[in-house]
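Presented below is the structure to which this report refers.
Here is how names work: the chains are called A, B, and so on, in the same order as the sequence lines, proteins then strands, and each is numbered from 1.
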Protein chains: 2
Amino acid sequence: MKEPQASREMTRAEVIGLLRRHGITPTQQRVEIGRVLFARTQHVSAEDVLARVGDQGSPVSKATVYNTLGLFADKGLLREVVVDPTRRFYDTNLEPHHHIYYTDTGELQDIVIDGLRLGHVPQLPEDAEVEGVDVIIRARRQPNR
Amino acid sequence: MKEPQASREMTRAEVIGLLRRHGITPTQQRVEIGRVLFARTQHVSAEDVLARVGDQGSPVSKATVYNTLGLFADKGLLREVVVDPTRRFYDTNLEPHHHIYYTDTGELQDIVIDGLRLGHVPQLPEDAEVEGVDVIIRARRQPNR
DNA sequence: TTGGGTGCAAACTATTTGCATTCGA
DNA sequence: TCGAATGCAAATAGTTTGCACCCAA
């Protein structure tokens, strides 16, 4: 289930294969969005994607960008990161990892925390199923405010 | 700096004292909102607060609820919890703790994780200042979907 | 009294939805 | 061909803002 996190732009054919393997019909717009997304490991908002697909290649509507990001996240091609109540971020890095969020700059960084250990979690009901654990370190670059 | 987390409704006078100690001018509406909030440990959205101050006591406008929640959070009377991209939650529990978020029910629960240890975090720049660490366990009550 | 606080409505932002059109298989 | 996907605009939800009035100190 591990997908290549290419550091170069993927070809259209590669994106199409990637989408197919995840049960997603590869349409023009989705492939276009996929090329922008999977060119490298990154964190994007819908706004980012919208701006970049407008630049290079054919334009994609706002609604389609939103729908596509949601679809990709559902199908496991993206991980949604909830750090900012005002907008959604999506992470193309699917490896287990956590995040540093710089509250002053809005910058989001991946980190791997070696020593993270979740000890006993007694309050979890037996029938509950854990979907994931998010760890977010909130920091600021400038001291004070 | 530790404040009493009363399990009973605070009197108006107690709320006024609490606000004053945090440098907040105690106005009628703020005291009203404070009584709703600090009656017990809880997680609330602006909508929750709006509904409850409408029920008991004098009505408070939507704008004032939003402004007041933001102010209380700034002044350290509430902790903002970012778990849901669609709305902000505020936690009256100021003790260090983490959260379980049930994605299917929208329920938010406090937990204390004994064994949580953040190991080496090499990627943090030296000049960066950590504001806090959020740990959110995403779970669902119903198996599967 | 007087500057901060409030109420109301309007503005705003991010996201979602409805529906006619277009496109992939 | 035919149902799924798209584009557009309008709708929605949560939150913020502008401004005249009001009240806590």
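Taking the side chain of Ala63(B) as heavy atoms from C-beta on, and the options dT6(C), dA9(C), dA14(C), the nearest nucleotide is dA9(C). Counting only heavy atoms from C-beta on, Arg20(A) has its side chain closest to dA25(C) among dA25(C), dA24(D), dC8(D). For Tyr66(B), whose side chain is taken as the heavy atoms from C-beta onward, the closest listed nucleotide among dT16(D), dA14(C), dG5(C) is dT16(D). In this structure, the nucleotide among dG7(C), dT6(D), dA5(D) sitting nearest to the side chain of Thr25(A) is dA5(D). Comparing atom distances between the Thr27(A) side chain and each of dG5(C), dG24(C), dC8(D) picks out dG24(C) as nearest.
One can place CZ of Phe89(A) at 11 Å from P of dA14(C), the figure rounded to the nearest angstrom. Rounded to whole Å, atom P of dG4(C) lies 17 Å from atom CD of Gln29(B). Taking atom CD1 of residue Ile24(B) and atom P of nucleotide dC23(D), one finds them 21 Å apart after rounding to whole Å. The NZ-C1' distance, from Lys75(A) to dA5(D), rounds to 14 Å in whole Å. Note: CG (Leu69(A)) to P (dT6(D)) measures 12 Å, nearest angstrom. Protein atom CZ of Arg12(B) is 16 Å distant from nucleotide atom C1' of dA24(D), rounded to whole Å. Rounding to whole angstrom units, CD of residue Glu80(B) and P of dG14(D) are separated by 15 Å. Across the protein-nucleic acid pair, Asn67(B) atom CG and dG18(D) atom P stand 12 Å apart, rounded to whole Å.
Hydrophobic clustering, with ILVMFWY side chains joined whenever heavy atoms are under 4.5 angstrom apart, keeps Ile137(B) apart from Val81(B). Follow the hydrophobic side-chain contacts under 4.5 Å out from Val60(B) and you reach Val44(B) in the same cluster. Hydrophobic clustering (ILVMFWY, side-chain heavy atoms < 4.5 Å, transitive): Leu18(A) and Leu69(A) are in one cluster.
Between Pro85(B) and Val60(B), the residue anchored closer to the 5' end of DNA chain C is Val60(B), taking for each the nucleotide with the nearest heavy atom. In terms of position on DNA chain C, the residue among Lys62(A) and Arg30(B) whose nearest nucleotide sits closer to the 5' end is Arg30(B). Judged by closest nucleotide on DNA chain D, Val65(A) is the one of Val65(A) and Arg88(B) placed further toward the 5' end.
For Thr64(B) and dG7(C), the shortest distance from a side-chain N or O to OP1 or OP2 is below 4.0 Å. In this model, the phosphate group of dA24(D) is approached by a side-chain N or O of Gln28(B) to a distance below 4.0 Å at OP1 or OP2.
The pair Glu107(B)-Arg141(B) counts as a salt bridge, with a side-chain nitrogen and a carboxylate oxygen less than 4.0 angstrom apart.
Here Pro26(B) lies in heavy-atom contact (under 4.0 Å) with sugar-phosphate atoms only. Ser45(A) comes within contact range of no nucleotide atom at all, as no heavy-atom separation falls under 4.0 Å.
Both tests do not hold together for Arg138(A) against Tyr101(A): distance to the six-membered ring centre under 6.0 Å, angle to the ring axis within 45°.
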